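Remarks on the structure that follows.
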2 protein chains.
Amino acid sequence: MTITIGDAARASGVSEKMIRHYEAIGLVRPARQANGYRHYAEPDIAVLRFIRHARDLAFPLEDVRRLLALWHDRGRASGEVRRLALGHVAALEAKAQSLQAMANSLKHLAATCHGDDRPDCPILDELEGKH
Amino acid sequence: MTITIGDAARASGVSEKMIRHYEAIGLVRPARQANGYRHYAEPDIAVLRFIRHARDLAFPLEDVRRLLALWHDRGRASGEVRRLALGHVAALEAKAQSLQAMANSLKHLAATCHGDDRPDCPILDELEGKH
DNA sequence: CTTGACCCTCCCATGATGGGAACCCCCAGA
DNA sequence: TCTGGGGGTTCCCATCATGGGAGGGTCAAG
């Protein structure tokens with residue numbers, strides 16, 4: 001009946017390793033049994049699921065910490081949550097656009113490279129710095 | 001006259017720290033002077049610039065290693081370079097799309113959150129796992 | 001009493017980068 | 001000649017989130 005870390009991992013979709021890590025940085029505080037084993041009650045599992053969902057959206061753990069605090073705070077202002085989320089959206093989009101821009105540059109370069117057995121290659125020329 | 005690591009850093013746009021790191025992993029092999037100082041000849045600077053350009057396109061250092069080998073190989077087939085580049089393009093685009101997808105999910109959630117002083121918040125509801 | 005499936009804590013590695021300590025080298029100015 | 005300063009050198013540590021693995025404790029079923 002006692003929910004140990006393995007059960008919690010299966011129930012939450014968070015690896016045991018990560019569950020221990022989240023505890024080490026203070027995101028979750030499971031009780032301990034007499035033998036030293038961690039024990040997870042329902043609210044602990046809910047916290048782990050919350051963390052997983054937030055991580056699925058790539059919130060950094062420090063953001064997750066704030067989100068958890070807001071979640072636990074019955075009287076929080078949803079505006080704060082929204083600001084945090086939109087800040088993260090901005091970061092995600094900036095990163096996505098940066099990556100896509102690099103992909104596009106490289107695609108254009110690759111398009112001008114015949115890509116056969118011949119050695120001449122505009123991709124290497126560009127990396128070398130020829131313009 | 002002797003080009004030391006500081007000069008190489010300024011000439012290549014790569015930090016001293018990174019220049020030493022690239023040497024540690026075998027991407028560049030500067031000569032050493034009698035006093036132990038590294039000495040960079042023109043080809044070394046060119047390698048550093050090449051690395052920087054590749055890193056600007058977010059090629060992982062292991063890819064950079066292969067690109068350098070191909071670059072040094074006068075008889076390489078441009079097809080190999082092209083394959084490597086297109087593989088990286090695919091990785092970049094996958095990552096970019098993944099990030100953009102997360103941003104979109106979160107934007108939609110944020111759009112349904114009034115974001116005022118009231119506590120109810122669909123963002124937290126979603127993270128909690130209510131459906 | 002052994003076996004096997006758990007659990008525990010620690011240490012190490014990833015990838016690319018930076019910070020900083022402790023120490024060496026060299027040159028110019030007092 | 002001493003000193004200061006601006007190089008250089010190596011080595012260790014931190015980041016961020018995650019996983020691997022060693023070495024050892026716990027417990028129930030056979």
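Throughout, protein chains are lettered first and strands after them, A, B, ... in sequence-line order, and every chain is numbered starting at 1. Given the structure is predicted, the values throughout are model-derived calculations rather than measurements.
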- Message: Is there a side-chain hydrogen bond (donor to acceptor under 3.5 Å, both in side chains) between A/Asp120 and A/His114? Walk through the geometry before answering.
- Response: CA-CA 9 Å; A/Asp120 55 304; A/His114 15 270; 3.1 Å; yes
- Message: With a 4.0 Å cutoff (strictly under), does any side-chain N or O of A/Arg20 reach OP1 or OP2 of D/dA17?
- Response: no
- Message: Would you say NE2 of B/His72 has more than 12 non-hydrogen atoms from neighbouring residues, nucleotides or ligands within 6.0 angstrom?
- Response: yes
- Side-chain heavy atoms of B/Glu80 within contact of B/Leu70, under 4.5 Å: yes
- Message: I need the minimum non-hydrogen distance between B/Ile5 and B/Tyr40, along with the two atoms involved.
- Response: CA-CE1, 3.6 Å
- Interface with DNA chain C, restricted to residues 33-66 of chain A and to heavy atoms under 4.0 Å: A/Gly36, A/Tyr37, A/Arg38
- Message: Tell me the interatomic distance from B/Glu23, atom CD, to C/dA16, atom P, rounded to whole angstroms.
- Response: 18 Å
- Item | Interatomic spacing from OG in B/Ser12 to CE in B/Met18 - rounded to 0.5 Å | 12.0 Å
- Message: Side-chain N or O of B/Tyr22 versus OP1/OP2 of C/dA16: is the shortest distance under 4.0 Å?
- Response: no
- Using a 4.5 Å cut-off on heavy atoms from C-beta on, say whether the side chain of B/His39 contacts that of B/Pro30. no
- Taking the side chain of A/Met18 as heavy atoms from C-beta outward, which of D/dA17, C/dG18, C/dC8 is closest to it? D/dA17
- Note on the structure: Residues of residues 3-11 of chain A with a heavy atom under 4.0 Å from any atom of DNA chain C, listed by number, are A/Thr4, A/Ile5, A/Gly6
- Short side-chain N/O contact from B/Ser15 to OP1 or OP2 of C/dT17, under 4.0 Å: no
- Write down the distance between NE2 (A/His21) and C1' (D/dG21), rounded to a whole number of angstrom. 18 Å
- Check ion pair A/Glu93-B/Lys107 (N to O, under 4.0 angstrom): yes
- Item | Intermediate values then yes/no, salt bridge (Lys or Arg N to Asp or Glu O under 4.0 Å), B/Arg32 and B/Glu23 | CA-CA 12 Å; B/Arg32 293 285 180 138; B/Glu23 178 179 354; 3.3 Å; yes
